Amino acid sequence: MNAPVQHSALSGLCVPGTHGAGTRDPGVVIAERRGLRIIALRGRLSDAAFVATATRVTGLALPAQPLTVTTAGAASALWMGPDEWMLVAPGTGIPDAGALQAAGLIATDVSHGRACLRIAGRDARTLLAKGIPIDLHPRAFAPGRCASTSLARLGVTLHLVDGTPTWHLYAMRSYFVSLWQWVEHSAAEFGYRIDPPVS
């Protein structure tokens, strides 16, 4: 049986091009991330058998510190709580939920319920700070950190990937169009470029 096709959450909306002010040198670069496998994993760090199995099966060391991310190649594990992580990778970069469950882990595939934007550029931090209530200053939010918060009153998970800065913004597909409309409107003052989809 073939796996269901994952359609874009922003079909017809996230169209490549340059928009807003400063179109010759846009301060924000946006791309929809597609083809991601996203797994919610639960367990206890105090359970050595769980940690060993999760690391062996996923190839990822689970972050033990709150609000941190670990990576292995293109795969990432985001700390979501004391006993919960979000595993993200393009395509088959991490095993599917069935394989994790077969190894005795508590895992749920949430790929079709989530969508993600990559937001980068010199004004990306300022853009996000317009709608996010937590401190995004580099001293408080450095690369390799993540947080579950809100953006324009919509629940999101934010991951700062690098110092460019490049951010990955995850949210529920059911309100992703509303989130996109906020991002597009709020980025206009900086000038923004929409790139083709990435993984």
Side-chain angles (χ1 to χ4, degrees), residues 3 6 8-10 14 29-45 50-101 103 105-121 124-125 128 132 134 136 138 140-151 154-173 176 179 183 195-199:
Q6 188 178 44
S8 167
L10 297 175
C14 193
V29 180
I30 306 167
E32 184 183 9
R33 296 188 72 202
R34 294 187 190 170
L36 298 176
R37 176 172 286 168
I38 305 177
I39 304 289
L41 177 69
R42 298 192 69 102
R44 295 191 178 278
L45 287 173
F50 158 73
V51 173
T53 300
T55 301
R56 175 179 55 80
V57 176
T58 66
L60 287 161
L62 298 179
Q65 296 301 314
L67 310 177
T68 61
V69 180
T70 58
T71 60
S76 298
L78 286 68
W79 189 94
M80 302 296 286
D83 61 356
E84 184 176 359
W85 297 265
M86 185 168 76
L87 311 181
V88 183
T92 57
I94 50 176
D96 63 23
L100 300 183
Q101 293 164 4
L105 301 172
I106 301 172
T108 306
D109 190 323
V110 297
S111 306
H112 292 277
R114 303 286 191 278
C116 181
L117 287 179
R118 184 187 70 186
I119 302 176
R125 191 184 304 268
L128 292 171
I132 288 180
I134 61 175
L136 299 183
F141 209 111
R145 293 188 66 82
C146 66
S148 292
T149 181
S150 63
L151 174 60
L154 300 171
V156 298
T157 297
L158 189 64
H159 170 202
L160 179 54
V161 179
D162 60 36
T164 301
T166 301
W167 306 80
H168 289 166
L169 182 68
Y170 300 89
M172 298 292 290
R173 287 176 63 93
F176 210 67
L179 188 72
V183 169
D195 283 349
V198 295
S199 58

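Note that the numbering runs from 1 along the sequence shown for the chain. Since the structure is predicted, the reported quantities are computational estimates derived from the model, not experimental observations.
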Are [X] and [Y] packed together at the side-chain level, in the sense that at least one heavy-atom pair is separated by less than 4.5 angstrom?
| X | Y | answer |
| --- | --- | --- |
| Val69 | Leu160 | no |
| Arg33 | Val88 | yes |
| Arg114 | Thr157 | no |
| Leu62 | Leu41 | yes |

ask   = Just by distance, do the side chain of Ser111 and the backbone of Ile38 share a donor-acceptor pair under 3.5 Å?
value =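 Yes, because the side chain of Ser111 sits within donor-acceptor range (under 3.5 Å) of the backbone of Ile38.
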key: Donor-acceptor contact below 3.5 Å, side chain Thr70 vs main chain Ala61   =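 Side chain of Thr70 to backbone of Ala61, a donor-acceptor pair under 3.5 Å: yes, one is there.
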Between [atom1] on residue [X] and [atom2] on residue [Y], distance to nearest 0.5 Å:
| X | Y | atom1 | atom2 | value |
| --- | --- | --- | --- | --- |
| Thr58 | Leu105 | OG1 | CG | 8.0 Å |
| Leu10 | Arg34 | CG | CZ | 8.0 Å |
| Phe176 | Glu32 | CZ | CD | 6.5 Å |
| Ile30 | Ile119 | CD1 | CD1 | 5.5 Å |
| Thr68 | Trp85 | OG1 | CH2 | 10.5 Å |
| Arg37 | Leu87 | CZ | CG | 11.0 Å |

Non-hydrogen atoms of [X] and [Y] that approach each other most closely:
| X | Y | value |
| --- | --- | --- |
| Ala107 | Ala97 | O-CB, 4.1 Å |
| Ala103 | Thr53 | O-CG2, 3.6 Å |
| Pro143 | Gly163 | CG-N, 3.8 Å |
| Pro95 | Val57 | CG-O, 3.1 Å |
| His168 | Cys116 | CB-SG, 4.0 Å |
| Pro90 | Ala74 | CD-O, 3.5 Å |

task = Start with the C-alpha gap between Asp83 and Phe50, add the side-chain angles, then the distance that decides, and say whether side chain to side chain contact (heavy atoms under 4.5 Å, CB included) holds.
result = CA-CA 11 Å; Asp83 61 356; Phe50 158 73; over 6 Å; no
With sequence neighbours excluded, what pairs up with [X] under the side chain to side chain donor-acceptor pair (under 3.5 Å) test?
| X | result |
| --- | --- |
| Glu84 | Arg42 |
| Thr166 | Asp162 |
| Asp96 | none |

task = Show the numbers, then the answer: is there a side chain to side chain contact (heavy atoms under 4.5 Å, CB included) between Leu169 and Leu179?
result = CA-CA 10 Å; Leu169 182 68; Leu179 188 72; 3.9 Å; yes
Residue pairs fulfilling salt bridge (Lys or Arg N to Asp or Glu O under 4.0 Å) with at least one residue in [range], sequence neighbours excluded:
| range | answer |
| --- | --- |
| residues 61-75 | none |
| residues 58-78 | none |
| residues 59-74 | none |

request  = Describe, in one word, how the ring planes of Phe141 and Trp167 are oriented to each other, choosing from parallel (under 30°), tilted (30 to 60°) and perpendicular (over 60°).
outcome  =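 Judged by the thresholds at 30° and 60°, the geometry between Phe141 and Trp167 is tilted.
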request  = Give a yes or no on this: more than 12 heavy atoms of other residues, nucleotides or ligands lie within 6.0 Å of atom CD1 of Ile106.
outcome  =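 Counting neighbours around CD1 of Ile106, 12 or fewer heavy atoms of other residues, nucleotides or ligands fall under 6.0 Å, so no.
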